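First the proteins, then the strands, lettered A, B, ... as listed; each starts at 1. Worth saying up front: this structure is predicted, and the values here are computed from it rather than measured.
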Amino acid sequence: MTTELRQTDQGRPLPDDRLKHVLYLLRLCRYFDERMEALYRQGRLPGAIYSGRGQEGTHVGVASALEPDDSLFPTHRDLSAQLTKGLDLNRVMAQYWGRIDGYLRGRDGNSHVGDWFGHRTFAVISHLPIAYPVACGAALAYKRRGDKRVAMAICGDGSTSNGRWHEAINTSSIHRLPVVWVVNNNQYAYSTPNTLEFGVPTIAERAAAYGIPGVRVDGANVLEVYAAAKEAVDRARSDGGPTLIESVSLRWRGHAGHDPAKYMPRELLEDHMANKDPVKNFETWMLAEGIVTAGDVEEIQKRVEGEFEAGFEFAQSSPYPEPGDVTKGLWVEDGYWTSEPGRGGGTEAS
Amino acid sequence: MTTELRQTDQGRPLPDDRLKHVLYLLRLCRYFDERMEALYRQGRLPGAIYSGRGQEGTHVGVASALEPDDSLFPTHRDLSAQLTKGLDLNRVMAQYWGRIDGYLRGRDGNSHVGDWFGHRTFAVISHLPIAYPVACGAALAYKRRGDKRVAMAICGDGSTSNGRWHEAINTSSIHRLPVVWVVNNNQYAYSTPNTLEFGVPTIAERAAAYGIPGVRVDGANVLEVYAAAKEAVDRARSDGGPTLIESVSLRWRGHAGHDPAKYMPRELLEDHMANKDPVKNFETWMLAEGIVTAGDVEEIQKRVEGEFEAGFEFAQSSPYPEPGDVTKGLWVEDGYWTSEPGRGGGTEAS
Amino acid sequence: MAKAQVEAGAAGHGAEPRGKRTEAGEATYLIAIAEALWEEMERDERVYMLGEDIGAYGGAFKVTEGFIERFGDGRVMDTPIAEETIVGMAVGSAMEGMRPVAEFQYADFMSSGFDEITTVLARYHYRSGVPLPVVLRGPSGGGVRASSFHSINPEPWFAHAGGIKVICPAFPSDAKGLLKSAIRDDNPCMFLEHKWIYRRIKEIVPEEPDFLVPIGKADVKREGSDVSIITYGAMVHKALEAAENLAQRGMSAEVVDLRTVYPLDEDTVLRSIEKTSRALVLSESYRFLGIGAEVAATIAEKAFEHLDAPVERLSPPNIPVPFSPTLEDAFLPGVSDIEAAVERLSAW
Amino acid sequence: MAKAQVEAGAAGHGAEPRGKRTEAGEATYLIAIAEALWEEMERDERVYMLGEDIGAYGGAFKVTEGFIERFGDGRVMDTPIAEETIVGMAVGSAMEGMRPVAEFQYADFMSSGFDEITTVLARYHYRSGVPLPVVLRGPSGGGVRASSFHSINPEPWFAHAGGIKVICPAFPSDAKGLLKSAIRDDNPCMFLEHKWIYRRIKEIVPEEPDFLVPIGKADVKREGSDVSIITYGAMVHKALEAAENLAQRGMSAEVVDLRTVYPLDEDTVLRSIEKTSRALVLSESYRFLGIGAEVAATIAEKAFEHLDAPVERLSPPNIPVPFSPTLEDAFLPGVSDIEAAVERLSAW
Ligand SMILES: Cc1ncc(C[n+]2csc(CCOP(=O)(O)OP(=O)(O)O)c2C)c(N)n1
Ligand SMILES: Cc1ncc(C[n+]2csc(CCOP(=O)(O)OP(=O)(O)O)c2C)c(N)n1
Ligand SMILES: [Mg+2]
Ligand SMILES: [Mg+2]
């Protein structure tokens, strides 16, 4: 039941190649986020965007602690965690543009994505935090079967006010389920600040009410996040029960693309952007440690940009779903999801 | 944020006449509970019964701390608290027998009673703990209007696993609402013991997760319960925000009339009945303090029995509701609830 | 036509251990349900049960009595009072290949898990292709003096959710065969047991381990030629009683038991209307947007040319189920109401 | 017949402060709603609002922009993300004489407060006689590419709850007058705003402080003689467009706007059918047990003798609202679908 702000771990918690991968992921998520917002502002991206900028340390950090077989139950804000889990950028982008090659075959948009059969991520549902209880169920299955697997769920600070949050954590505690509860405390729920969401200083301390360990980490430090998540995942995997992790950062952008976030104090944002940038922080450390050179970083950035362009092209050239398929696949026996989907004619933009 | 087991307060926290009234209430609730069970077993009482036996210290104790204008939001188990608040036994019993003179005009039965316009008690709804959020709303009204009034809600230990419990307490904490949250921890939810309901030793300690005071009291000691409730009510009334009170007792009978409670360890029950009887405990103390004599007690008992007999007679002779009125009163404009109700012909038993 | 017998006594609340058939081999509806659960638990170890007080206690209605002794608490899981989480856990475990059967203590408390049921369970497969073989079961319906919060007919809400099959059997054999089908189905199923029927109706129930009744198929429980009574659940028994009385007076009512209310077996319904040309739609769910509304609208749309009279609906008004006997009796459609409606329709 | 104009642009998400009527005095549907709230807050200090981000932010759709500056955070209350508690608080404060108006960020999240809505709010007055003047409002409906969790039409669920009046206006004036009526009503009301309409439809809206539109009264938005189109919400605008197109081809469709879906104005509906003898029931809620089911069943039952053709229902299939434009367009009834249905019915 420790609740403490962890210090940056100055050692190397991961082999160099994995550290480089973390840097790649941070850069990828940041670039994706920026470019998608630009496209949204240009009116070239349909639907909504929910920026995870400033919170990449949290998302990349926690998801890096999972094995491929472990499952992840994210929200709208957590695309970076899904990308960390391994989702294919092409298919993610096809989803944003409503195309048949999206993971959900055009049936849902934006970050409401998931790839259960491949990377074991739950296709995001808006209602908050509705996947918390579902994560309990996956963890229950692992425990019952003796699988050494772990479920991880993420939600935001505001979601902790909801009854499902309490129910799921409480139930996981009673049955010591192998689950890791992550709260991405980005200090706001839409326009609502922490002070209007709960009456205690931290979320991590609430773990005591469930008799489980709670830890508060600095989301600006991906290694600190990773270390806490790894400990929690290991604990869960060795039948030590659930953990609550609060990772603190700031939502740098509005709630969604349309929100200018005028309610957020300018100084708070400026401080975070200047001093608590998880991408920059980690890059600086990597350079200082000599794990990467400036040239490596440039290369990573090039790779990221190339992947984004490729994803964009892929999405634009992927066809829309066949309108006649709209009613298919409600029932398993329709066979829609086990057969090739109809591809409905030409594309819009390319 | 104190969480402690309070010692019996050996002083006299109330004037003697109020102490005598407490004894009367304890005796009344006990007798009512026993007689209703007997009638149920004889097949003379329709519907269900939810015994509060062994928990009278909790119910009479907390409700005694309320002023007439304060509101009470109870559950199925808390009839003793409603009787303490002042409900008319005749009308309560008419409700059990489905008669028109019941508080709900025969539309609901058993302890699912309430008298909002008179004694400010919420008509119990089964779904647990569905009245917790409603109590927030009443408290909000008091606070907004500057009324020096308090709302009190009661639920059982098992109900604390439900999301609404968390939501309501959390919200009350954020807005410092004048509300007192009572948990009647009778150690079981139907057949489910505390260990399968939550993963912490006490419920009171969970108050810390909301930044509000939490206190655990001995339900076998009505004065200890009363003192804690009084402190909480006073705090709420003077804008000090909510309090969580866990009052520990044991459910002496099954969940409802049909349940023999075979899952409950015999020794646990015997210990409670022998040593933790809130009625006997208080009576002993009253006699020892010389506030009542054995003769007074006998008189109280006589009064209680007389009132029960009168209630029974009243209920039996009250007519059933008019069948033709069944659809009336869904909407306020029907006028059903502001006019005299139709009284549907003869009675059954008398 | 199914053979059934109405027991004299009231439902009561006493325990009745699983498998206690009568000497003649008859099983009550409750026993038939327990048998289906037991057999499927034996057949497939992925099947497990979760719910409140279903373990040592055996469930509020004692449907799961004896199960924890046989299958252990790993497969008979007592949960906290957290319906959203019961459903969510069922979903999550189903995603990982288990086949959960969740018991609601009363179907009334399904509203406490409504969001997980309608937002996650009902929509997840359509969106993502992940099968969710989840069964939600619970006692529904009125007529037992249990008032507003223990008498609900929630089937219209969930039938409107789109992605959940909703089953409301009236007879022990149908209950057994349909529950086994539901557990074997790869889609979410809601299985609504009617508590008025639990111990009242018994019949000889097949014992073959693969006895299945297909989901989505109605059954004509009594043939007739003058009027079709389309109904389900406890009302089937009222309809059969009314039909019997009407027969004495020379009127011939056909009784169609929907058995599954969603998806609806339109073919069987329409075939019956083609035969009789008159439809009485009888449902225990509230009139407004109750199951009867969908059935009546379907008949009006698809059997228009066959109708010799308006489609009449008979169902309770849109009010909470009241407690007092005078009120509940006025609330529920009764045998004489059914007879009167059939007579009205016949006279058209 | 109401005058309306379809704006060219999409709804977008940008802010638009309350009261910004056009120079000609026209108000959008969104502005009309904001005016109703503002005027009732001014008129009666018992009226207050609660919901997520309705204060400083002004609500997800900016309906309550400027309110907190005028009325303070005591009457414009930002709540945590706790829908059960939002409803419960509304109920409790109404019991103590306040008149809450709760905003749901999207009507989709009403399912997260379902139990308090249907178990407490809908039933409490019938059981106990305590009036609950509570308004729940939120943006509903599809057509804006917002996919499954931001496009719901929840009205069938709540219309089946029994004790809540469910209002679904299609025009700015109706929205304003009905919302004012709802706030003054002593019963629970659900006010479903259609987000497709918010900024698309504008018209001259009355400014009198006591301009009220009665709850439970439908309105004939276009007179016609061949076929009645019974509908509500965004579909009214589709129906009017179809009727206009049909008129060019010599067919006369009457468009009945229900405005309130529960209680249903049977009289107006039946009068229209008596006139045209043909009914197309058009609804944006899913077909199965959607609002159309109740309307069709009512017509079939009560206007049987007047019908020259089957009652036809047009509504989306029972599936989650899909995101992709090709899919959502196939999902929603379109103007040409309506025209085809009217032609089919006319040819009967
Ligand atoms: C049950 C529910 N109510 C309301 C919403 C609307 N909504 C979407 S995101 C959001 C704020 C979420 O805040 P938080 O949990 O802190 O997550 P963040 O967006 O900051 O990552 C709200 C209110 C929702 N999705 N679900
Ligand atoms: C939401 C909900 N789920 C299930 C039930 C069925 N139920 C009635 S009482 C009860 C046990 C309640 O236990 P607890 O909260 O400890 O109260 P107690 O009966 O012991 O006073 C249950 C599960 C209910 N009333 N509400
Ligand atoms: Mg947040
Ligand atoms: Mg208890």
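Contacts between residues 299-307 of chain C and chain D, defined by a heavy-atom separation under 4.5 Å, are made by C:Ala300, C:Glu301, C:Lys302, C:Phe304, C:Glu305, C:Leu307. Below 4.5 Å, heavy atoms of chain C meet heavy atoms from D:Ala159, D:His160, D:Ala161, D:Gly162, all part of residues 159-166 of chain D. By a heavy-atom distance cut of under 4.5 Å, D:Val261, D:Tyr262, D:Leu264 are the residues of residues 261-270 of chain D near chain C, going up by number.
With a 6.0 Å radius and a threshold of 12 heavy atoms from other residues, nucleotides or ligands, D:Lys217 has its NZ atom at or below the threshold.
Among D:Ala122, D:Ser111, D:Ala296, the residue making the largest number of heavy-atom pairs under 4.5 Å with chain C is D:Ser111. In terms of non-hydrogen atom pairs under 4.5 Å with chain C, the most contact-rich of D:Leu289, D:Val295, D:Ile319 is D:Leu289. Considering only heavy-atom pairs separated by less than 4.5 Å from chain C, the leading option among D:Pro322, D:Ala309, D:Pro317 is D:Ala309. Comparing C:Thr298, C:Ile291, C:Asn318 by how many heavy-atom pairs each has under 4.5 Å with chain D, the most go to C:Asn318.
Residue contact with chain C, scored on non-hydrogen atoms closer than 4.5 Å, involves the side chain of D:Thr118 exclusively. Neither the backbone nor the side chain of C:Ser147 has a heavy atom closer than 4.5 Å to any heavy atom of chain D. Proximity to chain D (any heavy atom under 4.5 Å) is restricted, for C:Tyr126, to the side chain, taken from C-beta onward.
Looking only at atom types and distance, the side chain of C:Ser148 has no donor-acceptor partner in the side chain of D:Arg127 under 3.5 Å away.
Distance check, rounded to the nearest 0.5 Å: CE of D:Met110 to CZ of C:Phe114 gives 12.5 Å. Rounded to the nearest 0.5 Å, atoms CD (D:Glu84) and CG (C:Asp115) are 9.0 Å apart. Put simply, OG1 on C:Thr119 and CG on D:Asp108 are 8.0 Å apart, with the number rounded to the nearest 0.5 Å.
Remark: C:Asp337 pairs with no residue by the salt bridge (Lys or Arg N to Asp or Glu O under 4.0 Å) rule, at least two apart or across chains.
Here the side chains of C:Trp157 and D:Pro156 are not in contact, with every heavy-atom distance at 4.5 Å or above.
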